[in-house]
Amino acid sequence: MKTVLCGIAAVLEVVSAAAVREHEIRLTPIGTYESGIFAQGAAEIVGHDPLTQRIYVVNAQAASLDVLDISNPTAPTKVGDVSLLPFGGVANSVAVRDGIVVVAVENTPKTKPGHVVFFDRDLNFLNSVEVGALPDMVTFSPNGRWVLVANEGEPNSYNNANAAVIGPSVDPEGSVSIIDLSWGVAALTPAQVRTAGFTQFNSSVPIGVRIYGPNATVAQDLEPEYITVSHDSKTAWVTLQENNTLAVIDINSAAVTQLLPLGKKDHNLPANKLDASDRDTAINIRNWPVQGVYLPDAIDAYQVRGETYLVMANEGDARADWPGYNEEARVGDATYVLDPTRFPNAVDLKRAANLGRLRATRASGDIDGDGDYDVIHSFGGRSFSIRDTAGNLVFDSGDQFEQITAALYPAFFNASHDNNTFDGRSANKGPEPEGVVVGKAFGRVYAFVAFERIGGIASYDISNPRAPVLADYVNFRDFLVPPDSGEAGDLGPEGIIFIKAEDSPSGKPLVVIGNEISGTTTIYEVTRDI
């Protein structure tokens with residue numbers, strides 16, 4: 001397997017001429033466990049137990065939890081697994097704290113209430129509780145008292161499409177379950193599970209919250225994706241990805257207190273360029289009259305001088321998978337009509353080499369309601385952002401991700417995770433940043449951002465949240481072999497965690513990532529060489 005690393009000095013010059021070496025770190029892949037299973041979600045979300053130096057890996061479609069021994073982080077070894085089929089269908093997420101392993105498992109069908117299952121570190125069953133539909137992410141609060149679960153509540157279909165096969169349309173309400181561990185896991189009953197829901201917003205939501213599922217109430221349409229919790233364990237912030245919104249939850253009362261719409265990204269601004277076409281046979285990162293909808297996936301929180309900041313990976317998921325409704329269009333589609341006043345050059349923009357291939361949403365952009373599009377809304381920010389707790393944008397990485405990967409991999413720019421096709425993802429979310437985790441090392445704070453498509457991890461020094469600096473980029477992938485060969489390295493990074501030096505088996509900070517396409521779990525060592 002080939003290790004592909006970047007020339008960091010060259011990349012720093014590309015994205016930040018003012019960058020200095022004090023920010024730099026190195027991520028070096030030192031050990032990989034290979035499941036040998038391609039493109040079936042065999043390694044997605046990961047959790048770590050520092051006492052036993054074990055990594056717990058969600059094997060999603062197999063509905064199992066794999067256990068890796070990383071006592072020697074250069075040679076991770078599988079030492080066990082447990083089936084989660086008795087508790088439902090697909091396993092979606094895992095978290096570990098103080099010897100308790102908690103797993104989120106969706107039901108069959110996914111529209112029924114799911115379960116959160118508790119094990120000890122040796123995978124002995126402890127308890128399970130029912131939560132909302134499609135529990136997609138689970139996490140502990142910093143004080144260990146609470147387990148919080150993002151119940152995405154996706155529909156099986158809209159408008160009774162394909163009802164003869166899958167039955168009538170069912171669209172569960174999204175919610176966040178808050179589980180109180182004050183009396184211990186063994187004593188858990190339904191009484192210790194409370195639900196933070198969204199029915200209070202059914203009559204009204206703030207301007208900018210995307211509500212657009214056919215025949216859905218607000219509570220049905222809001223879909224929690226990922227959770228982070230405040231340092232004092234009192235507040236949770238939840239990404240509602242498809243809704244381009246952040247929910248604020250008071251944990252003690254299990255109440256959603258605010259919905260914070262996240263706005264749009266202007267790709268006409270100098271620092272916000274993008275490559276919008278997979279048919280122009282070139283790297284063409286430039287400004288376009290497009291507004292990107294951030295649609296963040298993963299989120300993490302950190303503090304600077306007593307102020308909390310939220311770090312988000314702006315992936316850009318769309319509602320395109322369920323029968324009966326597809327919000328996606330291409331700008332060049334005949335049915336995607338551009339307003340002639342706003343876009344007098346519409347014919348040129350719709351060329352395949354320009355914006356014609358770009359995926360945009362049908363759900364918004366017709367500002368005056370006359371049936372054509374006054375604004376082009378594309379999916380995702382192709383970036384990571386830092387926001388304050390009111391949702392205000394403090395920093396966005398702009399077009400840096402595409403600039404970095406263009407400089408390093410010009411022959412494979414914007415390739416996807418299951419093929420090596422040049423420019424293949426340019427019209428559809430580009431590198432597609434999905435995972436992010438914050439960690440402190442060498443006296444500074446870093447954000448580690450994983451790119452789902454072309455792959456790799458970008459590390460940024462975010463000690464100053466208003467002026468982050470690129471510190472490293474590494475991509476453990478070999479583009480010269482077929483992705484399904486078993487020799488291509490890491491493909492489709494999904495879950496990412498940071499292990500601080502005092503919890504690490506080597507005494508050095510580590511980053512661990514689960515890769516859903518390659519089915520690999522890889523350990524990166526974080527070093528500083530100055």
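- Within the structure, salt bridge (Lys or Arg N to Asp or Glu O under 4.0 Å) pairs that include any residue of residues 409-418 do not occur (at least two apart or interchain).
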*Would H377 and S364 count as a side chain to side chain donor-acceptor pair (under 3.5 Å) if you check the C-alpha gap in whole Å, the side-chain angles of each, and the deciding distance to 0.1 Å?*
CA-CA 7 Å; H377 287 159; S364 60; 2.7 Å; yes
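- Residue pairs satisfying the salt bridge (Lys or Arg N to Asp or Glu O under 4.0 Å) criterion with at least one member in residues 397-408, sequence neighbours excluded, are listed as follows: R382-E402.
- Annotation for P482 and A488: closest pair O-CB, 3.9 Å, computed over non-hydrogen atoms.
- The side chain to side chain donor-acceptor pair (under 3.5 Å) check on N419 picks up T421, with sequence neighbours excluded.
- Not one N or O on the side chain of N244 forms a donor-acceptor pair closer than 3.5 Å with the backbone of P261.
- Cation-pi geometry between R444 and F442 is not met at under 6.0 angstrom from the ring centre and within 45 degrees of the axis.
- Put simply, the side chain of N243 never gets that close to the backbone of T245: no donor and acceptor are under 3.5 Å apart.
- In this structure, CD1 on I299 lies 9.5 Å from CE on M137, to the nearest 0.5 angstrom.
- Every side chain to side chain contact (heavy atoms under 4.5 Å, CB included) that S506 has, sequence neighbours left out, goes to P73, S504, K508, L510, E525.
- Of the charged side-chain nitrogens involved, at least one lies within less than 4.0 Å of a carboxylate oxygen, so that D396 and K265 count as a salt-bridged pair.
- Side chain of T257 to main chain of D250: no donor-acceptor pair is present (N/O by atom type, distance under 3.5 Å, no hydrogens or angles).
- Across all their heavy atoms, P483 and L491 have their closest contact at O-CD1, 3.3 Å.
- Considering only residues two or more places apart in sequence or on other chains, A282 meets the side chain to side chain contact (heavy atoms under 4.5 Å, CB included) condition with none of them.
- T239 is linked by a side chain to side chain donor-acceptor pair (under 3.5 Å) to nothing, counting only residues two or more places apart in sequence or in another chain.
- Legend: residues meeting side chain to side chain contact (heavy atoms under 4.5 Å, CB included) with R359, ordered by chain and number and at least two apart, are E328, R330, F379, N428.
- T521 places no side-chain N or O within donor-acceptor distance of the main-chain N or O of G514, the cut-off being under 3.5 Å.
- Applying the ring pair (Phe, Tyr, Trp, His ring centres under 6.0 Å) test to pairs two or more places apart or on separate chains, those with a residue in residues 410-434 are F412-F479.
- By the side chain to side chain contact (heavy atoms under 4.5 Å, CB included) test, P493 is found to be paired with A450, I513, N515, residues two or more places apart in sequence or in another chain being considered.
- Taking all atoms of both residues into account, the shortest heavy-atom contact from L295 to G380 is CD1-N, 4.0 Å.
- With T228 contributing its side chain and A301 its backbone, the two residues share a donor-acceptor pair below 3.5 Å.
- A pairwise comparison of heavy atoms in T520 and S518 identifies OG1-OG, 2.7 Å as the closest pair.
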*Please assess L470 against I404 for the test side chain to side chain contact (heavy atoms under 4.5 Å, CB included), listing each intermediate value before the final yes or no.*
CA-CA 10 Å; L470 178 69; I404 291 167; 3.8 Å; yes
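- With respect to R387, the side chain to side chain contact (heavy atoms under 4.5 Å, CB included) criterion is satisfied by exactly one of L393, N392, L260: L393.
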*Would N151 and V176 satisfy side chain to side chain contact (heavy atoms under 4.5 Å, CB included), going step by step from the backbone distance to the final call?*
CA-CA 6 Å; N151 305 306; V176 174; 5.5 Å; no
*asked:* side chain to side chain contact (heavy atoms under 4.5 Å, CB included), that's the test. Do L355 and W288 meet it? Break it down for me.
replied: CA-CA 8 Å; L355 293 182; W288 292 103; 3.6 Å; yes
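- Residues Y460 and F384 bring their aromatic ring centres within 6.0 Å.
- With D275 contributing its side chain and N284 its backbone, the two residues share a donor-acceptor pair below 3.5 Å.
- Every residue meeting the ring-ring contact (aromatic ring centres under 6.0 Å, His included) condition with F498, not counting sequence neighbours, appears here in chain and number order: F448.
- The two residues V449 and P433 make their nearest non-hydrogen contact at CG1-CB, 4.0 Å.
- Under the side chain to side chain contact (heavy atoms under 4.5 Å, CB included) rule, I367 has a single partner from D339, V375, D372, which is V375.
- The CD atom of E154 lies 7.0 Å from the CG atom of D136; values are rounded to the nearest 0.5 Å.
- A salt bridge links D278 to R357: one of the charged nitrogens lies within less than 4.0 Å of a carboxylate oxygen.
- The salt bridge (charged side-chain N to carboxylate O under 4.0 Å, His left out) check on E225 picks up nothing, with sequence neighbours excluded.
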*Going through the checks in order, is the side chain to side chain contact (heavy atoms under 4.5 Å, CB included) test met by V229 and I251?*
CA-CA 9 Å; V229 181; I251 295 176; 3.7 Å; yes
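- Formation of a donor-acceptor pair under 3.5 Å by the N272 side chain with backbone atoms of D266 is found in this model.
- A tilted orientation is assigned to the rings of Y309 and Y302, their planes being inclined by 30° to 60°.
- Applying the salt bridge (Lys or Arg N to Asp or Glu O under 4.0 Å) test to pairs two or more places apart or on separate chains, none has a residue in residues 300-314.
- Ion pair E223/R319 flagged as a salt bridge, since at least one NZ, NE, NH1 or NH2 atom sits closer than 4.0 Å to an Asp/Glu carboxylate oxygen.
- Within the 3.5 Å criterion, the main-chain N or O of Q403 finds no donor-acceptor partner in the side chain of K273.
- Listed here is the closest heavy atom pair of A236 and L148: CB-CD2, 3.8 Å.
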